[in-house]
Amino acid sequence: EFEEASYFFKNCITDNPQDYSALYNLLYCFDHLNKTEEAIQILNEVLEIDPYSEVAWHQLGLVLLKKKQPKEALSAFDFAIISDDTFTGAYIEKGKLLEGLGRINEAIENYEIALNTNDPSAFVFQSIGRCHEALGNHELAVKFYLKAIHLEPSNENSWISLIDFFITQDQFKKAKGYFKRALEVNSESVELWKKGAQIYSALDQDTKALNAYQKLSDLGFFELPSLLHHIDLYLKSKQWEKALDLTNEAFKSFPESQDLMFRLGGCNLELGKISEARYFLNPDQISEKKRIELMTLFPSLGQI
């Protein structure tokens, strides 16, 4: 009951503007109620009483970001830092904002200050790595991704950043090595198995790619692009029955997908079920470009 809760939290702040626990809870309520202007108003009231409240400036910056006012948000984070030059959270948020604005070197500066104002965190190491990657400083990017992993081996995002880096560099064998090491930490991660399927496919290790897609299915991941890749791997190895079974299953969830309809038709065609194939492969719905594409999957398509 956010409306009623906000009434009481607001009274707490009226009694004691430095009751930051009440302030955080009030802002939480306002966020759920989509009361952005009210949040700005209460923060300004706190700042009128205490202009050097680093917490209020920091929270004001976050609210202004949600309002899509990055310039004003940046000023708020600056005032938070002026109020307390050891406020790690303000440096991190300022760094994230500057990174989003393409001011990468300034973002790195703020992330590095954050490292010196508090205990190092995997998030900050990863963020610095991402900035160096954007600048083309590849060795530094890898160095900071590895620092993040060393500090927090269970941090999935750090592993994925490192794996993604090697994928973008077409260094799939290195990506594979880190993928396998990441699985030792979290073998049930959907995001990691998605990377694994991508890596194995790129390396033409189709059996392992199929296993990765099956693992994704076992984990409940059921999205169309992934399903199409899974189906196409079966088609590549001419496992028509398995491809048809998976396509039928996928079609129940995505009945509007033309790609699935074409694959249903193609599988039936390769299995000699001509009438079923014609039902799904309506020539009027297939462009010449799509027909050429489908013929790489279904050699018998030229028969109809």
Side-chain angles (χ1 to χ4, degrees), residues 160 163-180 182-183 186-304:
I160 289 173
I163 292 165
D164 271 338
F165 169 78
F166 286 115
I167 288 175
T168 59
Q169 298 300 308
D170 291 332
Q171 296 185 45
F172 291 101
K173 287 186 178 179
K174 281 191 176 181
K176 175 184 170 182
Y178 285 112
F179 160 69
K180 292 172 79 171
L183 282 185
N186 186 1
S187 62
E188 302 298 299
S189 165
V190 167
E191 291 304 315
L192 283 176
W193 280 108
K194 283 164 67 177
K195 298 301 174 189
Q198 182 181 356
I199 292 163
Y200 287 132
S201 295
L203 291 171
D204 289 324
Q205 297 180 355
D206 293 347
T207 301
K208 290 183 177 181
L210 282 168
N211 290 337
Y213 281 120
Q214 185 57 52
K215 182 65 176 180
L216 283 170
S217 179
D218 294 342
L219 291 170
F221 182 73
F222 209 69
E223 290 185 359
L224 185 57
S226 178
L227 288 167
L228 289 170
H229 286 304
H230 192 174
I231 292 163
D232 288 353
L233 276 174
Y234 281 134
L235 298 177
K236 183 180 176 183
S237 56
K238 297 183 172 21
Q239 298 183 60
W240 311 118
E241 288 282 4
K242 287 185 177 180
L244 180 60
D245 289 343
L246 181 56
T247 309
N248 271 319
E249 191 64 29
F251 195 60
K252 294 174 185 176
S253 298
F254 303 99
E256 302 300 319
S257 169
Q258 275 199 336
D259 287 319
L260 288 175
M261 279 195 287
F262 294 152
R263 281 160 177 75
L264 281 173
C267 288
N268 279 298
L269 179 63
E270 296 299 337
L271 291 167
K273 302 175 182 178
I274 306 302
S275 59
E276 290 91 335
R278 289 183 185 279
Y279 177 79
F280 290 108
L281 291 170
N282 184 340
D284 295 334
Q285 294 180 331
I286 307 177
S287 66
E288 186 59 28
K289 181 180 177 182
K290 176 60 73 172
R291 183 179 180 83
I292 293 169
E293 177 190 323
L294 291 171
M295 285 185 72
T296 64
L297 299 172
F298 306 106
S300 302
L301 190 60
Q303 299 176 13
I304 63 170

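Worth saying up front: this structure is predicted, and the values here are computed from it rather than measured. Just so you know, these numbers use all the heavy atoms, side chains as well, and skip hydrogens, waters and symmetry mates.
- Side-chain contact of Ser189 with Glu191: a donor-acceptor pair under 3.5 Å is absent, judged by distance alone.
- Between Trp193 and Leu183 the shortest side-chain heavy-atom distance falls below 4.5 Å.
- Shortest non-hydrogen contact noted between Trp240 and Pro299 is CH2-CD, 4.2 Å.
- Two residues are said to be in side-chain contact when any heavy atoms from C-beta on lie closer than 4.5 Å; Leu233 and Ser201 meet this criterion.
- Judged purely by distance below 3.5 Å, without hydrogens or angles, the side chains of Gln205 and Lys176 pair a donor atom with an acceptor atom.
- The shortest side-chain heavy-atom distance between His229 and Gln198 does not fall under the 4.5 Å cut-off.
- The aromatic rings of Phe179 and Tyr200 sit perpendicular to each other, their planes meeting at more than 60°, with 30° as the lower class boundary.
- In terms of heavy-atom proximity, Glu249 sits nearest to Phe222 at O-CZ, 4.1 Å.
- Between Glu270 and Lys238, no side-chain nitrogen of the basic residue sits less than 4.0 Å from a carboxylate oxygen of the acidic one, so the salt-bridge criterion is not met.
- Asp245 has its side chain out of reach of Tyr234: every pair of non-hydrogen atoms, C-beta onward, lies at least 4.5 Å apart.
- Lys236 has its side chain within reach of Asp204: a pair of non-hydrogen atoms, C-beta onward, lies under 4.5 Å apart.
- Between Tyr213 and Phe221 there is no side-chain heavy-atom pair separated by less than 4.5 Å.
- Between Met261 and Leu281, the closest side-chain pair of non-hydrogen atoms is not below 4.5 Å.
- Distance check: Ile163 CD1 to Ile199 CD1 gives 5.5 Å after rounding to the nearest 0.5 Å.
- Arg291 places no side-chain N or O within 3.5 Å of a backbone atom of Ser287 that could act as its donor or acceptor partner.
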Run the side-chain contact (heavy atoms from CB on, under 4.5 Å) test on Leu227 and Phe254 for me, step by step, so that the C-alpha distance in whole Å, both residues' side-chain angles and the decisive distance to 0.1 Å come before the verdict. CA-CA 10 Å; Leu227 288 167; Phe254 303 99; 3.7 Å; yes
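- Ser257 has its side chain out of reach of Phe251: every pair of non-hydrogen atoms, C-beta onward, lies at least 4.5 Å apart.
- Within the model, atoms NZ of Lys242 and SG of Cys267 stand 13.5 Å from one another, a figure rounded to the nearest 0.5 Å.
- Two rings, from Phe166 and Tyr178, have their centers less than 6.0 Å apart.
- Atom OG1 of residue Thr247 and atom CG of residue Leu260 lie 6.5 Å apart, to the nearest 0.5 angstrom.
- Counted within 6.0 Å of OH on Tyr279, heavy atoms from surrounding residues, nucleotides or ligands total 12 or fewer; the atom is thus considered open.
- If you take CG on Leu210 and NE2 on His230, they are separated by 5.0 Å, rounding to the nearest 0.5 Å.
- Distance check, rounded to the nearest 0.5 Å: CG of Leu192 to CG of Leu219 gives 10.5 Å.
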Verdict with reasoning, Asn268 to Ile274, per side-chain contact (heavy atoms from CB on, under 4.5 Å): CA-CA 7 Å; Asn268 279 298; Ile274 306 302; over 6 Å; no
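- Atom NZ of residue Lys195 and atom CG of residue Asp164 lie 3.5 Å apart, to the nearest 0.5 angstrom.
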Test side-chain contact (heavy atoms from CB on, under 4.5 Å) on Lys273 and Leu244 and set out the steps. CA-CA 12 Å; Lys273 302 175 182 178; Leu244 180 60; 4.2 Å; yes
Ser226 vs Leu216, test: side-chain contact (heavy atoms from CB on, under 4.5 Å). Steps then yes/no. CA-CA 9 Å; Ser226 178; Leu216 283 170; 3.9 Å; yes
